[in-house]
Amino acid sequence: MTQGRPRIGVHLSTAGGVYRAAERANEAGANTFQIFSSSPRMWRPAKLSEDHCTHMHELRTRFGISPLVIHASYLINVAAQADAVWNNSVSALRGEVERALALGAEYLVLHPGSWRGLTREQGLERAADAIARALNKLPWQECDFRLLIENTAGAEFSLGSSFEQVGELVERLRPIAPIGACLDTCHCHVAGYDIVTAAGYEETVRLIAQHIGLDTVRVWHMNDAKAPQGSKLDRHEHIGEGTIGVAAFRRILNDARFAHCAFIAETPVDEPGDEARNVNVLKSLVSRPTDASRSA
């Protein structure tokens, strides 16, 4: 990934064909983007045509767009107690990985699910087992592909509601899977982490480094929040218009410790052009080198 040019993008629709998302990314001024490869609220998977996958690759090459991030279905719960849900989740996750590989996606983001009815340790074990089964014998080793565990907003029984839990799952999976982490600004904020104040941000980054590892973080979901810090309410807002505020996004975008990351908005689409508007706000927060530094 190019270090000198931040990868800034947005979650986009695949209406009209999955490759159309690459066209929409270019139109929005994005150089990375995220999609669902199938309906996020249905077990039945979509079938991707080979032509559409090829066209996606061609458009990404033409426009210089990378990485492609896919967000897994919301129905998947790899920590589920119920065997029927767990088995469906394994099958659905395997389909997500197969589609990601077909599309040449670099990252697949997964919410690890809920361990309700189990202990947290049992939930971690179920999640690690499910992910291992879903990846078994797929050719991910031949691709530039990584599964990213996303932190969650802190709801009770939600696996991944703390950096410690994300880190534990990542460590369990390192020997068997290409693994990393995705951090969501809204989820961090409403789970209780302080990314708003300068001192709080530094403490939060210290905790990320301690429990997950800074290099393990590959994607930031850049979402302002409608709800207060610590509320555990996952409600996204346009950049700079919520309870997080614009300064936090400026810090993250200009933090050299995350220069290897892609920054992708999952902000509301209330009216046409909102995707490009949020991309442009994020791009405007990237510091430009001074004349002096250019001549140095």
Side-chain angles (χ1 to χ4, degrees), residues 14 34-48 69-103 105 107-141 143 145-184 187 190-191 211-212 216 219 221 232-234 266:
T14 59
Q34 178 177 277
I35 61 170
F36 294 119
S37 66
S38 187
S39 169
R41 302 187 187 280
M42 293 179 60
W43 285 117
R44 177 181 291 182
K47 291 185 179 180
L48 299 179
V69 183
I70 295 177
H71 198 299
S73 168
Y74 295 132
L75 295 178
I76 293 173
N77 182 4
V78 292
Q81 176 191 32
D83 287 339
V85 175
W86 189 83
N87 288 326
N88 280 340
S89 296
V90 172
S91 178
L93 179 57
R94 187 174 183 83
E96 294 279 6
V97 177
E98 289 172 339
R99 291 190 297 278
L101 296 179
L103 286 165
Y107 300 129
L108 173 64
V109 173
L110 174 68
H111 291 181
S114 169
W115 48 273
R116 181 185 291 273
L118 303 169
T119 66
R120 188 172 69 105
E121 177 65 22
Q122 289 171 327
L124 281 165
E125 291 176 0
R126 295 276 278 181
D129 186 22
I131 292 168
R133 289 173 184 247
L135 288 168
N136 186 41
K137 296 184 179 179
L138 290 180
W140 51 262
Q141 299 97 329
C143 306
F145 170 79
R146 197 173 294 257
L147 180 70
L148 305 185
I149 304 301
E150 183 174 358
N151 69 311
T152 55
E156 189 177 13
F157 307 116
S158 177
L159 194 60
S161 61
S162 69
F163 298 151
E164 292 92 334
Q165 290 181 25
V166 173
E168 285 180 57
L169 186 51
V170 165
E171 286 307 309
R172 286 174 186 250
L173 291 167
R174 281 194 197 279
I176 57 173
I179 198 72
C182 169
L183 297 180
D184 186 304
H187 296 175
V190 300
H211 296 294
I212 300 174
T216 302
V219 171
H221 282 162
K232 306 189 188 317
L233 296 175
D234 185 14
E266 298 176 313

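Fair warning: this is a prediction, and the values are worked out from it, not measured in the lab.
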Please tabulate, one pair per line, all N/O donor-acceptor pairs under 3.5 Å involving side-chain atoms of residues 160-179, not counting sequence neighbours.
from   : atom 1 : to     : atom 2 : distance (Å)
Ser161 : OG     : Ser158 : O      : 3.3
Ser162 : OG     : Glu164 : OE1    : 3.4
Ser162 : OG     : Gln165 : N      : 3.2
Gln165 : OE1    : Gly160 : N      : 2.8
Glu168 : OE2    : Arg120 : NH1    : 2.9
Glu168 : OE2    : Arg120 : NH2    : 3.4
Glu171 : OE2    : Arg174 : NE     : 2.6
Glu171 : OE2    : Arg174 : NH2    : 3.3
Arg172 : NH2    : Glu121 : OE1    : 3.0
Arg172 : NH2    : Glu121 : OE2    : 2.5
Arg174 : NH2    : Thr216 : OG1    : 2.9

Using every non-hydrogen atom in the two residues, find where [X] and [Y] come nearest and quote the distance to one decimal.
X      : Y      : answer
Ala191 : Thr152 : CB-O, 4.1 Å
Phe145 : Tyr107 : CE1-C, 4.5 Å
Ala72  : Ile76  : CB-CD1, 4.2 Å
Leu159 : Ala79  : CD2-CB, 4.0 Å
Ser89  : Asn77  : OG-N, 2.8 Å
Asn88  : Trp43  : O-CZ3, 3.5 Å

Pairwise side-chain contact, [X] with [Y], heavy-atom cut-off 4.5 Å (strictly under):
X      : Y      : result
Asn151 : Asp184 : yes
Ile149 : Ile212 : no
Arg133 : Trp86  : yes
Trp115 : Gln122 : no

So how far is it from [X] [atom1] to [Y] [atom2], rounded to the nearest 0.5 Å?
X      : Y      : atom1 : atom2 : value
Glu156 : Ser114 : CD    : OG    : 9.0 Å
Glu96  : Ser91  : CD    : OG    : 10.5 Å
Ile70  : Leu103 : CD1   : CG    : 5.0 Å
Leu110 : Ile131 : CG    : CD1   : 5.5 Å
Leu101 : Arg99  : CG    : CZ    : 11.0 Å

Val109 and His221: CA distance, side-chain angles, deciding distance, side chain to side chain contact (heavy atoms under 4.5 Å, CB included) verdict: CA-CA 10 Å; Val109 173; His221 282 162; 4.0 Å; yes
Restricting to pairs with a member in residues 70-95, which pass salt bridge (Lys or Arg N to Asp or Glu O under 4.0 Å), not counting sequence neighbours?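 Salt bridge (Lys or Arg N to Asp or Glu O under 4.0 Å) check on residues 70-95 returns Asp83-Arg126, Arg94-Glu98.
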According to side chain to side chain contact (heavy atoms under 4.5 Å, CB included), who are the partners of Arg44, at least two apart in sequence or on a separate chain?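 Counting only residues at least two positions away or on another chain, Arg44 forms no side chain to side chain contact (heavy atoms under 4.5 Å, CB included).
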With no hydrogens and no angle check, do the side chains of His71 and Gln34 hold a donor and an acceptor under 3.5 Å apart?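 Checked: His71/Gln34 side chains show no N/O donor-acceptor pair below 3.5 Å.
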